[in-house]
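Report on the following structure.
Naming convention: chains lettered A, B, ... in sequence-line order (proteins, then strands); numbering from 1 in each chain. Only this structure's heavy atoms are used, side chains among them; waters, hydrogens and symmetry mates stay out.
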Amino acid sequence: MSTIEVGLPDGRTLEVSQGATVLDVAEQIGAGLARAALAGRIAGELVDLRQSLDASCSLEIVTTKDPAGGEVIRHSAEHVMADAVKRLFPQAQVDAGRTDHTEKFQYDFKVAEPFTPEDLDAIAAQMKKIVKEKADFVREVVTREEAERIFTEMGEDLKVQRLHDIPDGQDITLFRHGKFVDLCRGPHVRNTKQIGAMQLIEAAGAYWKGDERNEMLQRIYGTAFATKDELKEHNERLEQARERDHRRLGTQLDLFHLDPDAPGSPYYLPKGMVVYNGLVDFMKSLYPKYGYSEVMTPQVNRARIYKTSGHYDMFHDDMFWMDGADDEEEVGVKATNCPCHCRVFSLGKRSYRELPLRLAEFSRLHRNERSGTLTGLSRVRSMAQDDAHIFCEPEQVEDEVARFFEMLKEVYTALGLDGLEVKLETRPEEFMGDPADWDVAEGRLKDAVEAAGFQCGINPGEAAFYGPKVACDFKDVLGRSWTLGTIQMDMAMPGRFGLHYTGRDGEEHQPAMLHRAVLGSLERFMSLYIEHTAGDFPLWLSPVQVAILPIADRHHDYARKVADTLAAGGIRVFVDDRAEKLNYKIREAELQKVPIMCVLGDQEEEAGTVSPRLRRVGEHRAEAMAVDAFVEDLTGRVARREV
RNA sequence: GCCGACGUAGCUCAGCUGGUAGAGCAACGCAUUCGUAAUGCGUAGGUCGCCGGUUCGACUCCGGCCGUCGGCUCCA
């Protein structure tokens with residue numbers, strides 16, 4: 001029997017016989033390692049312990065110390081859950097599990113009745129029993145026919161259908177533990193006893209193969225860790241995350257209100273409005289630099305313009321419609337600015353000399369989103385985007401994309417936001433235009449993103465109907481991804497509106513059109529920004545910038561005088577003249593995330609100074625300074641939009 | 001829209017198997033006038049999401065609707 005060489009992380013090389021498994025190698029390194037082993041890793045890919053090694057390679061043994069170990073544990077707990085469900089509900093059919101086990105696991109089941117919370121408790125209890133049975137996971141490679149026979153006999157019709165989706169020529173592997181068997185690529189732990197702590201999260205409906213037209217299966221989510229402590233830590237992290245959920249902070253900090261009488265349509269309260277306006281003003285301040293012109297176009301338009309744009313057919317059910325005042329045709333509240341911006345372009349004869357024409361608008365947009373999709377400020381029916389449409393010559397598109405990303409970088413840096421994921425979304429099933437044009441446009445966009453210095457992932461089939469799109473995604477506090485900034489090419493609108501310009505050759509040409517937003521929807525941006533900052537906004541965006549805290553009633557006059565001076569300098573100031581102790585006022589201002597507090601007592605009043613306490617830098621007693629100097633310092637920081 | 005859970009005072013929440021509601025914080029009043037994260041006492045505040053049903057009696061049980069939350073789907 002021939003031998004192969006296995007390179008280890010510490011630089012050593014082991015000689016093992018060809019066909020030895022990952023576990024064999026682990027045992028050869030040490031019995032302790034073999035006991036702790038959860039999986040192997042070859043060239044960055046996780047492999048199952050029972051995988052045989054046919055050629056020399058570099059191998060790493062993954063244990064609980066490796067973050068990937070948790071994924072293996074959760075994946076294995078997933079099988080234990082399906083086993084438990086089958087034991088308690090023998091009629092249940094098992095569909096597929098989850099592919100991403102970084103945080104949780106899941107399985108979909110076809111059952112007559114949805115699972116109740118009591119069912120989940122019973123399933124969780126059953127899972128514990130199964131783990132105690134200490135069954136080894138067994139990996140089998142079988143033929144397609146064999147697999148089909150096994151699952152047909154078990155009555156697992158969904159599984160048989162899934163089997164048909166596996167391309168020919170690919171190994172079909174099964175994993176067993178005890179009597180439970182499932183079609184699975186692995187990897188799995190050696191023995192169920194390695195699953196130290198499990199927890200079911202919830203049950204939810206999910207359409208078979210993710211398609212609304214299919215029947216709804218019942219999904220169970222759960223998570224698992226090597227130890228109870230890790231599970232506890234995980235739950236504590238989640239709890240902390242919920243503390244900074246924008247909906248919670250929105251109430252605590254009086255930023256916005258979501259009313260049952262206006263689902264998905266936020267009320268901005270005075271403090272939220274400061275943040276909203278701050279962001280809008282910031283974007284507007286950049287318009288001269290990046291060459292945008294602001295317009296304002298009608299909220300309500302006749303159906304005709306939406307028929308021209310294509311929105312009437314594509315999104316009729318998702319718009320708000322009304323009867324016209326007379327017997328004229330129906331009118332719709334705009335869901336997007338693009339039709340109107342096309343109309344603006346079409347006014348008068350355009351020359352190449354005017355291009356690129358960049359039209360920006362902050363109008364509120366209304367989309368009649370399905371009730372189940374609404375979520376806080378993240379997904380709303382009433383919103384505004386920092387929207388703009390760029391009309392340019394086709395050969396200017398790449399420059400425009402580059403310019404967009406330059407602006408985007410400036411904005412996100414100024415706001416202290418990082419962690420953006422940039423993705424190209426490609427042609428969807430329903431689209432307008434020529435597929436060949438799409439291919440070219442997609443390629444150009446991707447190149448431009450990479451030229452701007454971003455890694456560009458791909459989301460296949462996710463683009464809008466009119467053209468490919470680049471989306472900048474950001475994760476919320478619960479780990480959900482939301483698109484903020486976006487730039488997309490429009491292959492449809494210029495043609496539909498018959499847009500053209502006179503080129504330098506004297507001929508008429510159709511302009512290229514780009515849709516773009518840096519912040520995306522202001523609502524969604526606020527939701528993520530509130531969570532990102534935990535409501536602790538930079539000075540220039542803080543609803544209350546300075547809290548004046550007089551120590552005793554006799555300081556109230558001086559407090560008001562200082563406040564008036566600050567307010568006259570454009571600073572948002574609040575005087576806490578309640579008959580409360582200083583500590584109480586400080587605590588209150590801390591909880592309201594007021595960035596600067598001025599405690600005023602005899603010392604300050606006599607000297608005519610303030611002693612600012614800067615919350616952000618944890619500076620409790622700064623040097624006393626003259627009020628005028630303080631105002632000057634603050635207005636400077638605000639004007640520079642210091643983070 | 002679909003699946004599930006939830007909906008009690010401004011906020012956060014308690015209220016066992018049906019007998020018309022309670023706490024903490026906030027608000028308000030009085031006292032306190034205090035130097036860097038909670039002063040004390042008191043007052044007020046709720047047709048228990050809405051509508052209907054069962055019952056002598058419903059916050060509690062049942063049904064419908066509305067909304068919220070978590071998923072699914074959708075997202076110009």
Side-chain angles (χ1 to χ4, degrees), chain A residues 104 106 108 113-117 119-120 201-221 242 245 247-248 251-252 254 257-264 306 309-319 334-339 365 367-376 378-381 383 385 387 428 462-467 469 471 478 480 482-483 486 488 490 492-493 515 521 524 549-556 578-591 597-604 611 613 615 619-622:
Chain A
K104 42 191 172 183
Q106 75 189 42
D108 292 354
E113 294 292 324
F115 295 110
T116 63
D119 291 340
L120 289 194
I201 300 170
E202 64 163 352
Y207 298 104
W208 155 246
K209 289 191 180 178
D211 191 328
E212 202 174 15
R213 291 163 300 194
N214 291 339
E215 68 176 314
M216 186 161 257
L217 305 178
Q218 294 302 317
R219 176 172 297 175
I220 300 178
Y221 288 96
R242 284 189 203 105
D245 186 310
R247 292 164 293 195
R248 180 187 283 253
T251 304
Q252 271 171 19
D254 289 321
H257 163 71
L258 290 163
D259 196 272
D261 284 338
Y306 304 117
S309 68
H311 292 97
Y312 190 88
D313 291 329
M314 298 292 287
F315 295 104
H316 188 272
D317 290 348
D318 304 310
M319 289 176 65
K334 73 172 160 189
T336 169
N337 292 310
C338 24
L365 308 172
R367 300 178 178 181
N368 201 357
E369 305 283 4
R370 294 155 87 182
S371 57
T373 63
L374 303 176
T375 304
S378 315
R379 186 74 187 273
V380 290
R381 288 193 173 134
M383 57 184 251
Q385 296 176 306
D387 198 14
E462 292 292 317
F465 68 90
Y466 49 67
K469 161 179 180 181
L478 298 174
R480 299 177 292 199
W482 301 91
T483 293
T486 171
Q488 22 196 319
D490 195 316
M493 222 70 78
H515 304 239
S521 117
R524 179 173 297 175
L549 312 180
I551 288 173
D553 288 357
R554 65 177 179 279
H555 307 121
H556 285 182
R578 292 176 297 181
E580 296 289 350
K581 295 183 76 170
L582 178 61
N583 279 348
Y584 178 87
K585 296 181 184 179
I586 289 173
R587 178 182 157 81
E588 189 87 330
E590 288 284 349
L591 294 176
M597 291 168 228
C598 290
V599 175
L600 298 185
D602 293 337
Q603 292 165 26
E604 285 76 15
S611 312
R613 169 185 163 123
R615 202 166 63 77
E619 194 177 319
H620 283 196
R621 272 200 129 165

By side-chain hydrogen bond (donor to acceptor under 3.5 Å, both in side chains) - contacts of Gln488(A) (at least two apart): Tyr466(A), Thr486(A)
Side chain to side chain contact (heavy atoms under 4.5 Å, CB included) partners of Glu462(A), counting only residues at least two apart: Glu425(A), Asn459(A)
Contacts of Asp108(A) that satisfy salt bridge (Lys or Arg N to Asp or Glu O under 4.0 Å) - sequence neighbours left out: Arg219(A)
Ion pair Asp211(A)/Lys209(A), N-O distance below 4.0 Å: no
Which residues share a ring pair (Phe, Tyr, Trp, His ring centres under 6.0 Å) with His556(A), sequence neighbours left out: none
Sugar-phosphate, base or nothing in reach of Ala206(A), heavy atoms under 4.0 Å: sugar-phosphate
Base G35(B) paired with Glu604(A) side chain (donor-acceptor, <3.5 Å): yes
Filtered N/O pairs between nucleotides 73-76 of chain B and protein, under 3.5 Å:
unit_1	atom_1	unit_2	atom_2	d
U73(B)	O2'	Glu212(A)	OE1	2.8
U73(B)	O2	Arg370(A)	NH1	3.3
C74(B)	O2	Arg379(A)	NH1	3.4
C74(B)	O2	Arg379(A)	NH2	2.9
C74(B)	N3	Arg379(A)	NH1	3.0
C75(B)	O2	Arg379(A)	NE	3.4
C75(B)	O2	Arg379(A)	NH1	3.2
A76(B)	OP2	Lys469(A)	NZ	3.4
A76(B)	O3'	Tyr466(A)	OH	3.1
A76(B)	N6	Asp318(A)	O	3.4

Between Asn368(A) and Asp318(A): side-chain donor-acceptor atoms closer than 3.5 Å: no
Test side chain to side chain contact (heavy atoms under 4.5 Å, CB included) applied to Ala552(A) - qualifying residues, sequence neighbours left out: Arg554(A), His555(A)
Side-chain donor/acceptor contact of Arg613(A) with base of U36(B) under 3.5 Å: yes
Residue pair Arg367(A) / Met319(A), side-chain heavy-atom distance below 4.5 Å: no
Between protein and nucleic acid, restricted to nucleotides 65-69 of chain B and to nitrogen or oxygen atoms under 3.5 Å apart, what atom pairs and distances do you find?
unit_1	atom_1	unit_2	atom_2	d
C69(B)	OP1	Arg247(A)	NH1	3.3
C69(B)	OP1	Gly376(A)	N	3.2
C69(B)	O3'	Arg247(A)	NH1	3.2

Nucleic acid footprint by protein, nucleotides 38-50 of chain B - heavy-atom cut-off 4.0 Å, B for base, S for sugar-phosphate alone: BB-----------
Those residues that, when tested against Glu215(A), pass salt bridge (Lys or Arg N to Asp or Glu O under 4.0 Å) (two or more places apart): Lys110(A)
Every protein N/O within reach of nucleotides 7-9 of chain B N/O, cut-off under 3.5 Å:
none

Which nucleotides of RNA chain B pair, in dot-bracket form (Watson-Crick or G-U under 3.5 Å, | meaning another strand): (((((((..((((.....[..)))).(((((.......))))).....(((((..]....))))))))))))....
Touch class at under 4.0 angstrom, heavy-atom based, for Arg578(A) against every strand present: sugar-phosphate
Sugar-phosphate only, base, or nothing, as touched by Phe115(A) at under 4.0 Å among non-hydrogen atoms: nothing
Test salt bridge (Lys or Arg N to Asp or Glu O under 4.0 Å) applied to Lys581(A) - qualifying residues, sequence neighbours left out: none
